[in-house]
Amino acid sequence: MKEAFRTLTAAGWALAAICLLLMIVLIWWSATAGGRERARQERAVQAANAQARATDAAARDRAADQRLTDLKINTRLEKERTDVVSAIPDARPTAGRVALACHRLREQGTRDGDLPPECRPGR
């Protein structure tokens with residue numbers, strides 16, 4: 001065995017050193033592969049969370065816009081309902097005008113119990 005070491009040339013020693021270095025690098029690479037995979041998965045989770053936050057913010061903005069639109073519509077309908085009832089003159093209105101006012105009140109969701117006596121069923 002001693003003679004085998006003596007007979008190695010410089011090229012042989014270089015080749016042995018390269019093989020040893022290659023083994024060390026491969027061992028290190030395989031030992032750290034799990035950490036690299038966990039880091040890759042963590043980056044993917046962070047990207048998915050960022051996308052979810054952006055989608056959530058957009059949905060909240062759309063919902064706020066829709067609530068504002070609904071508020072405007074409800075305010076307009078309430079005003080129309082009030083105007084319809086207040087537009088009935090003190091003198092006895094025509095039957096057609098009463099029927100139209102009652103119809104509008106029902107369309108706006110007024111319950112039968114909340115309707116004026118002229119608009120209640122059986123009248």
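Owing to the predicted nature of the structure, the values given are computational and were not obtained by experimental measurement. Reckoned from all heavy atoms, side chains included, excluding hydrogens, waters and symmetry mates.
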Looking at CG of D70 and OG1 of T75, how far apart are the two atoms once the value is rounded to the nearest 0.5 Å? 10.5 Å
Taking it one step at a time, do R67 and L71 satisfy side-chain contact (heavy atoms from CB on, under 4.5 Å)? CA-CA 6 Å; R67 282 192 304 273; L71 178 63; over 6 Å; no
Drop me the distance from T69's OG1 to I73's CD1, to the nearest 0.5 angstrom. 6.5 Å
L100 side chain reached by R104 side chain, heavy atoms, under 4.5 Å: yes
Reported CZ-to-CZ distance for the pair R62 and R60, which is rounded to 0.5 angstrom: 11.0 Å
Gap between atom CZ of R38 and atom OG1 of T32 - 0.5 Å precision: 10.0 Å
Would the distance check show the side chain of T110 and the main-chain N or O of L105 forming a donor-acceptor pair, the cut-off being under 3.5 Å? yes
What distance do R81 atom CZ and N74 atom CG have between them, rounded to the nearest 0.5 Å? 11.5 Å
Electrostatic pair E80-R76, nearest N-O below 4.0 angstrom: yes
Would you call C119 and R106 a side-chain contact if the rule is heavy atoms closer than 4.5 Å? yes
Could you measure the distance from the CG atom of L15 to the OG1 atom of T9? Nearest 0.5 Å is fine. 9.0 Å
Looking at D114 and R111, does any basic side-chain N land under 4.0 Å from a carboxylate oxygen? yes
Taking C-beta and beyond as the side chain, do W29 and R36 meet within less than 4.5 Å on heavy atoms? yes
